Amino acid sequence: MSNQELIERYIYVATKRLPSDSRADTMRELESLIADMLQERCKDNEPTEADLRAVLTELGHPDELAARYSNGPTALIEQPYLTQYWNVLRIVMISVGGATALALMIAAAVNPQEQLGIVWSVDMTMQESSQVIGKLIGTVTSGVMSGLLQAFAWVTGIFAVMSYRGVKLRGDSDFLNDLPELPANRQPISKVGSIFGLVMSVVFSVIFIAFPQVICVYSSSYSVSAMPVFDTVRMSSVWVAILGIGIVGLVSNCAELIEGYRTRRLLVINLGCNLLFAVCAVVWLGNGSIISEQFRVFMHSVMGDGVGYNFMHNLNLVVLGAILLGIVVDSIVDLWELVAARNR
Amino acid sequence: MGREETIASMIQELRRGSIVMLVLGRLGSPKYGYNLVKELEEHGMPVEANTLYPLMRRLESQGLLHSEWDTAEGKPRKYYTITDEGRAVLSAVRVEWRSTVSAIEALMEEEV
């Protein structure tokens, strides 16, 4: 490539996006500048390709030069839109992710054949169950990813248009009336914990609705392999309560991710979720027939009569009691924080 | 960011805030772009050509500078001169500059 062609290519890239009325003049000016820089570097000598490359490198990438000549926006979304963009994007992504996971979960539970291409059966083997679990996780994951991508595209597109057109976000005096109330607890809520809770809510619902048989006992010494703890027929009759627990978990963790702090609104949501959780847990675990008879018989043969056996015989009530105790403690803490915040 | 980088960044910000005033102040007589680059460099205020040239074009679009091509010499060069509007703006900014420098000096002396 000759020196002249290199110069022309450089100037072409630096000016190709300039308005047509200023492009020719800018091209001529850059040519003059490069000539001056070469003259200073080489004096009376003929500039070599190395000299020219040094000068053009000193001038910088032509795209950067073009950006400096351009009077247009320097970013897709500029302030003051950028801050609002991140806020809205966070809320939308969390809500869409949670809602999509929930919808797919409900669809798979109600109609597994159509959603997953499987015929659910209480007599599924462990291998069949694990294959189906894998398929379910894949379906939910791909659905959530698709939903998140769409949400990202829509929010980004809308804010890019608003930024480009300079759409007014709010009136100058409005912001004072829109200030959120102070959180009851100034410690930010752990995002990792909330995301973990969100994922576990989905996993819990999937396993306990569709594959309760995976919760089982193994014992090589008693020649027992995969004895389910729960009666799968009875479990299928309380799937609504189990789904309710999953929904409560999703709503509660999504709210935590959105709020970020323990605000009054979040505490009220938590109290409501705790109440629903308690009701669903009672429906799910209140009846002793939820524990499989096989499991009871097996535990009796291992433990005989005694405290240990009584514990296992009434495992549903033990778990229910623990859940309700946790709910009561959590609710008391929330109520105390609410009262403390009101009195502040 | 290390100390050297922090200092360099702050110095760059200081210069960025005064470059427009300097360009207007040095164009009382016609000059071409590279001429001004070397002049500022010699006076201890180096400005890169890829910053100065787009800046002068922008000031021209704002009516603060006027430009003319000179093809009389061997190489055609675009000469810039300050306009009456540019002079008025420069005069007002200079007053503010002196006031700002005085205030900063006074504040700095109190604390350091």
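Every chain is numbered from 1, with letters handed out A, B, ... down the list of sequences. These figures come from a predicted structure and were not determined experimentally.
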Salt-bridge present (B/R57, B/E60; N to O < 4.0 Å):
no
Engaged part of B/S67 at the chain A interface, taking heavy atoms whose separation is under 4.5 Å
neither
Chain A: which of B/E48, B/K38, B/R58 shares the most heavy-atom pairs with it under 4.5 Å?
B/K38
Contact class of A/E40 relative to chain B, heavy atoms under 4.5 angstrom:
side chain
If only atom types and distance count, is the side chain of A/Y69 paired as donor or acceptor with the main-chain N or O of A/E64 below 3.5 Å?
no
Tell me whether A/E31 is salt-bridged to A/R28, with the criterion being a basic N under 4.0 Å from an acidic carboxylate O.
no
Which atoms of A/Q39 come close to chain B, meaning under 4.5 Å heavy atom to heavy atom: side chain ones, backbone ones, both, or neither?
side chain
Is there a side-chain contact between B/L36 and B/M56 (heavy atoms, below 4.5 Å)?
yes
